[in-house]
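One structure below.
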Amino acid sequence: MKRILSRRVVLGSMAAAGGFSLLGLGVRGFPFPIRNPRDAGEALAWRGQEMLLASQPLVREYASDQISREFPVNGTMPSHERYRRLLERGFRDWALRVDGLVARPLSLSLPQLRALPLRSQITQHNCDEGWSAIGQWTGVPLRHILAMAGLRPQARYVVFHCMDVMDVDKRPYYESLDLLNATHPQTILAHAMNGQALAPEHGAPLRLRVELQIGYKNAKWLDRIEVTDSLNRYGKGRGGWWEDFDNAPWFAGQ
Ligand SMILES: Nc1nc2c(c(=O)[nH]1)N[C@H]1C(S)=C(S)[C@@H](COP(=O)(O)O)O[C@H]1N2
Ligand SMILES: [Mo]
C-alpha cells in the first residue's frame, strides 16, 4: 500500500468517497463548518493526511541536477515604502515576530534566523494555476521556532502574516496551517533558495515552504507568525487570502 498508492490518489479518493456523507456534520478538529460536498471532501482529505503521514512521512526530494533553471514568480512584491526601505538596507531593520498563544514571544533578526539549525530540501512546487518548478530551499524548520517560543495548550493553528497588500481588495496576504503541517519536518522558514539569499520576488527576507501543500500556502514576505486557537478573526475567517477571496481550499494537500 505504501508505494503503490500515491499521496494524491489516496487524498483524492478519500475526498470523493466522503464528499456527500458529511453535509451538516462537522469533522473533528477541522476549523470550518461543512457547507457543501466540496467542504466535506476537503475536511476528509485533511483527516486522511494524518493516516498517510504515518506510513509516508516525507514528500519526494530531488537531486541538485533536477533544479529548474527558471522558477516562475507568483504574486506582486510589497510595494510600500516600508518594504522598499527594508530591502534597501538589506533587511537589517527587519525581525520576524512570533507571538500569540506562545509562552515566550520572539523577535528574530535575519542573522539570528541564519544561525538557527538549517534544513535544505530540493522539492517540486506546484501552483494551482498549472505550473510546477523544482527548487532548493534552505531555512529553519518551523517546528524549531515553535519549540523555542513554546506552544500554549490552546494552540491549534499557525497564522503567517505577510508584508504584501493585495491590489484587488487592499487586504494583506496571509496564510495558516494546522499544527501537524506546521511541525512537519519539511515545513521550513526559508531564507535561501538554490544556494543564494532569497530573492525579493521569491519572498525575501523570509518565506514559508510547506511541501505537503500547494503553491499559495507557501506564504512569502513574512514578518509575523501568530499562534492561535481559531481562524475566525483573520481576514474573512477562511484561513488565508485566497481562501477568503476565491474560496480556495484551506487544506490544499498534495
Ligand atoms: N505573500 C504572498 N505569498 C505568496 C503569494 C502572494 O501573492 N503573496 N503567492 C503564492 C502563490 S499563488 C504561489 S504559486 C507561490 C509562488 O512562489 P514563487 O513566486 O517563489 O514562485 O507563492 C505563494 N505565496
Ligand atoms: Mo500559486
Side-chain angles (χ1 to χ4, degrees), residues 67-100 105-123 125 127 129 131 133-142 144-146 148-149 158-177 182 187-211 213-227 234-235 240-242 244-245:
I67 292 174
S68 303
R69 250 175 252 136
E70 299 283 331
F71 201 112
V73 166
N74 225 353
T76 310
M77 289 221 324
S79 55
H80 44 75
E81 188 57 21
R82 176 176 165 239
Y83 186 79
R84 204 188 55 75
R85 264 211 222 106
L86 288 174
L87 182 59
E88 204 175 80
R89 294 191 26 88
F91 297 104
R92 260 169 294 176
D93 314 311
W94 173 93
L96 176 73
R97 280 182 294 153
V98 182
D99 58 13
L106 306 171
S107 173
L108 298 165
S109 69
L110 204 46
Q112 284 172 324
L113 285 162
R114 288 201 183 111
L116 292 175
L118 284 182
R119 188 177 206 283
S120 227
Q121 57 205 27
I122 301 175
T123 53
H125 175 99
C127 171
E129 287 171 9
W131 57 269
I134 294 175
Q136 181 188 37
W137 304 98
T138 303
V140 196
L142 178 59
H144 183 79
I145 296 205
L146 295 176
M148 282 170 69
V158 182
V159 178
F160 303 86
H161 297 283
C162 303
M163 292 188 268
D164 54 325
V165 175
M166 297 297 273
D167 243 0
V168 280
D169 64 356
K170 310 294 175 216
R171 286 171 184 263
Y173 198 95
Y174 77 105
E175 258 304 339
S176 61
L177 298 176
T187 299
I188 67 174
L189 298 178
H191 45 67
M193 177 188 185
N194 298 341
Q196 312 275 329
L198 191 59
E201 61 272 22
H202 286 295
L206 192 72
R207 75 172 301 166
L208 174 65
R209 287 301 310 171
V210 49
E211 309 297 352
Q213 300 197 43
I214 63 171
Y216 58 86
K217 301 295 292 185
N218 293 266
K220 309 198 285 187
W221 306 298
L222 297 178
D223 73 347
R224 180 173 171 222
I225 289 178
E226 189 183 357
V227 178
Y234 308 96
W241 189 86
W242 280 108
D244 287 338
F245 182 76

So, taking the atom named [atom1] in [X] and the one named [atom2] in [Y], what distance separates them when rounded to the nearest 0.5 Å?
X	Y	atom1	atom2	answer
Met193	Thr138	CE	OG1	10.5 Å
Leu142	Ile188	CG	CD1	10.0 Å
Leu110	Arg92	CG	CZ	11.5 Å
Ile225	Leu96	CD1	CG	4.5 Å
Arg85	Phe91	CZ	CZ	13.5 Å
Leu87	Asp93	CG	CG	11.5 Å

Considering all heavy atoms, the nearest [X]-[Y] contact:
X	Y	result
His144	Leu116	NE2-CD2, 4.0 Å
Val158	Ala182	CG2-CB, 3.8 Å
Val140	Leu113	CG2-O, 3.5 Å
Leu222	Cys162	CD2-SG, 4.1 Å
His191	Gly139	NE2-CA, 3.8 Å
Gln112	Ser107	OE1-O, 3.6 Å

**Partner set under side chain to side chain donor-acceptor pair (under 3.5 Å) for Glu70, not counting sequence neighbours** =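 Expected list: none.
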
**Asked** Taking only residues two or more places apart in sequence or in another chain, which ones pass side chain to side chain donor-acceptor pair (under 3.5 Å) with Tyr173?
**Response**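 Residues passing side chain to side chain donor-acceptor pair (under 3.5 Å) with Tyr173: none at all.
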
**Request:** Sort out for me which residue in Lys217, Arg224, Lys220 forms a salt bridge (charged side-chain N to carboxylate O under 4.0 Å, His left out) with Glu175.
**Result:**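 It is Lys217, the one option of Lys217, Arg224, Lys220 that forms the salt bridge (charged side-chain N to carboxylate O under 4.0 Å, His left out) with Glu175.
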
**Message:** Phe71: which residues meet the ring pair (Phe, Tyr, Trp, His ring centres under 6.0 Å) condition with it, sequence neighbours left out?
**Reply:**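 Expected list: His125, Trp137, His202.
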
What pairs with [X] under salt bridge (Lys or Arg N to Asp or Glu O under 4.0 Å), at least two apart in sequence or on another chain?
X	value
Arg207	none
Arg97	none
Arg69	none
Arg171	Asp169

Just jot down the side-chain contact (heavy atoms from CB on, under 4.5 Å) partners of [X], sequence neighbours excluded, or say none.
X	result
Ser68	Ala133, Ile134
Ser176	Val159, Leu231, Trp250
Asp223	Arg82, Trp94, His161, Met163
Asn194	Ile67, Gln136

**Prompt:** Any sub-3.5 Å donor-acceptor pair from Asn218's side-chain atoms to Gly215's backbone N or O?
**Reply:**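 Answer holds: yes.
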
**Message:** Set out, in order, the CA-CA distance, both residues' side-chain angles and the distance that settles side chain to side chain contact (heavy atoms under 4.5 Å, CB included) for Val168 and Trp241, then state yes or no.
**Reply:** CA-CA 11 Å; Val168 280; Trp241 189 86; 3.5 Å; yes

For a 4.5 angstrom cut-off between non-hydrogen side-chain atoms, does [X] reach [Y]?
X	Y	value
Phe245	Met166	no
Pro105	Val98	no
Phe160	Leu206	no
Leu208	Thr187	yes
Tyr174	Trp242	no
Val210	Leu177	yes

**Asked** Is the shortest side-chain N to carboxylate O distance from Arg84 to Glu81 below 4.0 Å?
**Response**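 Salt bridge between Arg84 and Glu81, a charged N being under 4.0 Å from a carboxylate O: yes.
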
**Request:** Return each pair, listed once, that meets salt bridge (charged side-chain N to carboxylate O under 4.0 Å, His left out) where at least one residue sits in residues 187-197; pairs must be two or more places apart or across chains.
**Result:**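 Listed by first then second residue: nothing to list.
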
